[in-house]
Number of protein chains: 2
Amino acid sequence: MLYSLKYTSSNKYKIMAGNNKNTEEIILAAAKKVFMQKGKAGARMQKIAEEAGINKSLLHYYFRSKDKLFETVFRDTFKDFMPKIAEFMSSDLPLFEKIKYFIESYIDMLNKNPYIFSFVLGELNTNPENLVEIMDRVTGIISEDYLGKFVEQIMEGIKDEEIIQLDARDLIINMIALSVFPFLARPIILGVFFQNDLDLYNKFLERRKKEVPQFIINSIRKK
Amino acid sequence: MLYSLKYTSSNKYKIMAGNNKNTEEIILAAAKKVFMQKGKAGARMQKIAEEAGINKSLLHYYFRSKDKLFETVFRDTFKDFMPKIAEFMSSDLPLFEKIKYFIESYIDMLNKNPYIFSFVLGELNTNPENLVEIMDRVTGIISEDYLGKFVEQIMEGIKDEEIIQLDARDLIINMIALSVFPFLARPIILGVFFQNDLDLYNKFLERRKKEVPQFIINSIRKK
DNA sequence: GTCTATACACTGATAGAC
DNA sequence: GTCTATCAGTGTATAGAC
């Protein structure tokens, strides 16, 4: 539950009747924005408070500490995305359809949260112990279980000589790499290849939703 | 020049005769380690000093401020790598050879500096203005000039029907993405796909030096 | 050049009034 | 629930002895 992390000694029902829920949402949106931009270490509670238009103390009232606030933001961010992907990848749809959908979903999700992966990978490097611990509590992010069915289909594809001999792990990593990288290196790519023209860059991303699956299928299909 | 950023009021030649050069190297190595691991915001001067086995004040004596130290580390890190790549990519070697070499070089460089890209991309997101400014002063990183010849060859390859119709930018981005991503997501990949077995992970990387070029060439070659 | 001591600023967090 | 005031801790940076 989204609001289960509130820390207070007062009566639960009384609180829920107040306007705190709305305040929490505002805080979380503000915190997400600042954390994504500045990273955990670089983010300032003062900045988050300003962004939310409230007092700094309120952040502590609602989330007790910076760490707790961070964890809540982190969990929230992946809450919706992962189950959707997991469901699709476990379905009975054909291999190539899954590849297309997987990449499209990733690019769509990244369009909505351009900084999400920079954020995750940044934190992952600066504080691996902590983040892995958090991720363990966020269903499915670190688990490869939801890819089981997909891996099976790859094996079959190889056996049936539909696709070339390959390691399923390479394929999956390549799929994610090609989807995610343009967002990770966004500022560089934007500058070097598109002269900071955001419109061109967005068209480029949109085009990639088709190009990347084609690129991959081209490479692995046996002809 | 590597040691041009020293700040002091005393006589230049006297200083160069001392053992400061060695101390600087030690500091820079320590700083690189800490910055790469913790990011600029997360890095602590105290930690860097400890890592170098010297006093905290000495850091300021040699580099005046955290910002200057960071910039020096940053510049140093790319000083060797970029010119080598640039030279090769401007050469007359055939397209497919360049693709192979480019990817191998990237993976080799990343093996030596596993955190370098996380570091760059992390800083790029948390502090774009600052880093772009720094990069402008680091020859070639943000410039696509050194890829001019390579882009020409792609055009020719398309015209000669050696490779399929494609956008040179996509190809370049894909090449970098596939090389770099396994390092960016290192902790995740290590955990999810290799049960934290570093030996397996390293073999996987080594294998990719051949697989990735093949993957790309497979995809773009006309048959 | 290197160290100790210390100034100064800032940040996360708490206490208490309303 | 929200605010003001304030504290303790930590970080960067500097002064000065050797």
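Below, chains carry the letters A, B, ... as their sequence lines are ordered, and counting in each starts from 1. Below, all heavy atoms of this structure are taken into account, side chains as well, without hydrogens, waters or symmetry copies. None of the values given here were measured: they were computed from a predicted structure.
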Asker: Between the two ends of the helix from dG1(C)-dC18(D) to dC18(C)-dG1(D), what is the bend in degrees, rounded to 10 degrees, where each end axis spans five pairs?
Answerer: 10°
Asker: Just the rounded figure in Å: distance from C1' of dT12(D) to NZ of Lys47(B).
Answerer: 18 Å
Asker: For Lys149(B), does the NZ atom sit with more than 12 other heavy atoms under 6.0 Å from it, leaving out its own atoms?
Answerer: yes
Asker: Give the B/S/- string for nucleotides 5-18 of chain C, one per nucleotide from 5' to 3', where a protein heavy atom under 4.0 Å of the base yields B, of only the sugar-phosphate yields S, and otherwise -.
Answerer: B-----SBBBB---
Asker: Whole angstroms only, please: what is the CG-P distance between Leu58(A) and dA5(D)?
Answerer: 16 Å
Asker: Phe35(B) vs Phe119(B) aromatic rings, parallel, tilted or perpendicular, using cut-offs 30° and 60°?
Answerer: tilted
Asker: Nearest-Å distance, CG (Leu59(B)) to P (dG1(C))?
Answerer: 15 Å
Asker: Drop me the distance from Ser179(A)'s OG to Met175(A)'s CE, to the nearest 0.5 angstrom.
Answerer: 7.0 Å
Asker: Any side-chain heavy atom of Asp170(B) sitting closer than 4.5 Å to one from Arg207(A)?
Answerer: yes
Asker: Any salt bridge linking Glu206(B) with Lys209(B)? Criterion: basic side-chain nitrogen under 4.0 Å from a carboxylate oxygen.
Answerer: yes
Asker: Sequence neighbours left out, what passes ring pair (Phe, Tyr, Trp, His ring centres under 6.0 Å) with Phe204(A)? Give chain and number order.
Answerer: Phe194(A)
Asker: How many Å lie between NZ on Lys68(B) and P on dA13(D), as a whole number?
Answerer: 11 Å
Asker: How close or far is atom C1' of dC3(D) from atom OH of Tyr62(A), stated in whole angstroms?
Answerer: 13 Å
Asker: Check this for me: Lys33(A), atom NZ, are more than 12 non-hydrogen atoms of other residues, nucleotides or ligands nearer than 6.0 Å?
Answerer: no
Asker: Ignoring hydrogens and geometry, is there a side-chain-to-backbone donor-acceptor pair from Glu123(A) to Lys40(A) under 3.5 Å?
Answerer: yes
